[in-house]
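Written out below as structure tokens is the structure these notes cover.
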Amino acid sequence: MRQVIIIGSGPAGYTAAIYAARANFKPLVIASSVEAGGELMNTTEVENFPGFPEGIMGPELMMKMQEQAEKFGAEILMDDVVSVELAGEIKRVTTGGGQTFEALSVIFATGSANRKLGLPDEDRLSGHGVSWCATCDGFFFRQKTVAIVGGGDSAMEEANFLTRFADKVYVIHRSETLRASKIMQDRALANPKIEFLWNSTIESLNGAEALTGVTIKNTVTGDLSEVELQGLFIAIGNDPRTQLIHGQLDLAPEGTVAVEGRTSKTNLTGVFAAGDVVDPTYRQAVTAAASGTVAALDAEHYLQSLPAELLAQAENN
């Protein structure tokens, strides 16, 4: 039996592992077989993570976090969790490899997945002109033409942000009304660098090695047209990865795992949540890392409250 199992391996999961390992809890991190490192594995240069003034590639940052966690004694397992039993004093976590692990506490840090357009070349061109994070990648499109897909606050915020770098920013929206708040709409509509392509959906992404443009369809007339672009930012929302815990952990109205105030405590004793899976608003690597710290400290306090004989049983495994 383990003292702590951490499900997920993005900034939240690895930071929780660093703290838990330094507290000598010997955490097991189940990192995923195909998505280890989280969304930053799909990001190019990260320039806004503290401590890296020259920037750092997303995969390299996650590799360093993993190495740091392992240095202090965390065990990393590259497998996928397929089921969890979180009620009761002893938690059980089963992986796709057929192993079942028991633990006194679990930190759930599975992150969120950006919604995709569902187009054939979307994954192929990811990191080659197609992005889901303007604050991460906007700098690389200085004096370029880019587009944002979406009509909510996030899309308007990212469109305005991109005008700091790009010469031209299109907003491609499927209707002629926006979901964004009035203040966000007004800012975007007043920005001379932003042009709205109303009643439009993207039919295809164009480009061999990198994005060169998109084909859009007018939802009213059905007409197709080509738009030349060097960058496309998709801002149609994201979904927290909560499938594993449906029916066990309470969810917030936004669909994220519900936690108590600023803590990481869920509705089940000994189960904690951190990172994008609890955060529908900020979704930054640094805020996820901070959230992982909170979860590890909450787990530490919980473990220290358990009967000595139970804790010793886990320590001896």
Side-chain angles (χ1 to χ4, degrees), residues 10 32-49 55-63 111-152 154-174 193-219 223-239 241 276 283-285:
S32 174
S33 62
V34 294
E35 295 177 335
E39 291 298 310
L40 279 184
M41 298 300 289
N42 300 318
T43 304
T44 51
E45 192 168 11
V46 178
E47 295 186 314
N48 54 5
F49 198 89
I56 183 171
M57 300 298 285
E60 183 184 0
L61 177 60
M62 299 321 302
M63 180 183 69
S112 65
N114 291 305
R115 291 178 190 155
K116 296 184 177 182
L117 297 172
L119 296 174
D121 294 309
E122 199 166 355
D123 289 335
R124 180 179 66 82
L125 292 173
S126 174
H128 301 279
V130 175
S131 172
W132 285 262
C133 181
T135 54
C136 304
D137 299 329
F139 178 82
F140 302 105
F141 294 89
R142 287 187 178 276
Q143 299 179 318
K144 305 290 187 182
T145 298
V146 301
I148 283 277
V149 185
S154 294
M156 298 306 103
E157 183 177 358
E158 295 203 344
N160 277 297
F161 176 82
L162 286 168
T163 61
R164 302 181 190 180
F165 310 104
D167 286 343
K168 179 80 172 182
V169 178
Y170 291 105
V171 174
I172 301 172
H173 188 48
R174 60 188 175 185
K193 284 189 174 183
I194 296 175
E195 179 180 340
F196 284 80
L197 302 178
W198 302 106
N199 299 316
S200 298
T201 58
I202 296 180
E203 292 293 293
S204 66
L205 306 176
N206 307 324
E209 301 297 324
L211 184 77
T212 58
V214 296
T215 301
I216 63 173
K217 179 180 180 179
N218 187 290
T219 58
D223 293 341
L224 298 177
S225 58
E226 306 292 324
V227 180
E228 293 185 2
L229 302 171
Q230 288 79 52
L232 177 68
F233 293 83
I234 301 169
I236 56 175
N238 62 86
D239 297 305
R241 294 188 175 102
D276 285 4
R283 301 178 55 249
Q284 297 295 306

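Any value given below was found using the heavy atoms of this structure, including those in side chains, with hydrogens, waters and symmetry copies removed. Note that the numbering runs from 1 along the sequence shown for the chain.
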Problem - H173 NE2 to M156 CE distance, which is reported to the nearest 0.5 Å - result: 7.5 Å
Handout entry: Within 6.0 Å of NZ in K168, more than 12 heavy atoms from elsewhere
Key = yes
Exercise for the section: For a side chain to side chain contact (heavy atoms under 4.5 Å, CB included) with I234, tell me which candidate from N114, V130, I172 qualifies. Expected result: V130
Please set out all donor-acceptor pairs under 3.5 angstrom arising from side-chain atoms of residues 140-152, sequence neighbours excluded.
none

Practice task
Determine whether D123 and K116 make a side-chain contact, defined as any pair of heavy atoms from C-beta on separated by less than 4.5 Å.
Solution key: yes
Completion exercise
For R115 and W132 the tightest heavy-atom approach is O-NE1, 3.2 Å
Fill in the blank from the handout: Partner of Y170 under side chain to side chain contact (heavy atoms under 4.5 Å, CB included), picked from I194, V214, V227, is V227
Handout entry: Atom of L232, atom of L229 and distance for their closest heavy-atom approach
Key = CD1-CD1, 4.4 Å
Handout entry: Nearest non-hydrogen partners of R283 and S112, listed with the distance
Key = NE-OG, 3.7 Å
Problem - Non-hydrogen atoms of A208 and L125 that approach each other most closely - result: O-CD2, 4.3 Å
Handout entry: Sequence-distant partners of F49, ring-ring contact (aromatic ring centres under 6.0 Å, His included), two or more places apart
Key = none
Handout entry: Verdict with supporting geometry, N238 and D276, side chain to side chain contact (heavy atoms under 4.5 Å, CB included)
Key = CA-CA 10 Å; N238 62 86; D276 285 4; over 6 Å; no
Exercise for the section: Can you measure from CD1 (I202) to CG (L117) and round to the nearest 0.5 angstrom? Expected result: 5.5 Å
Handout entry: K193 atom NZ, neighbour heavy-atom count above 12 within 6.0 Å
Key = yes
Handout entry: side chain to side chain contact (heavy atoms under 4.5 Å, CB included) partners for R174, two or more places apart
Key = R179, T201
Handout entry: Side chain to side chain, F233 and V169, heavy atoms closer than 4.5 Å
Key = no
Handout entry: Over 12 non-hydrogen atoms of neighbours within 6.0 angstrom of CD in E228
Key = no
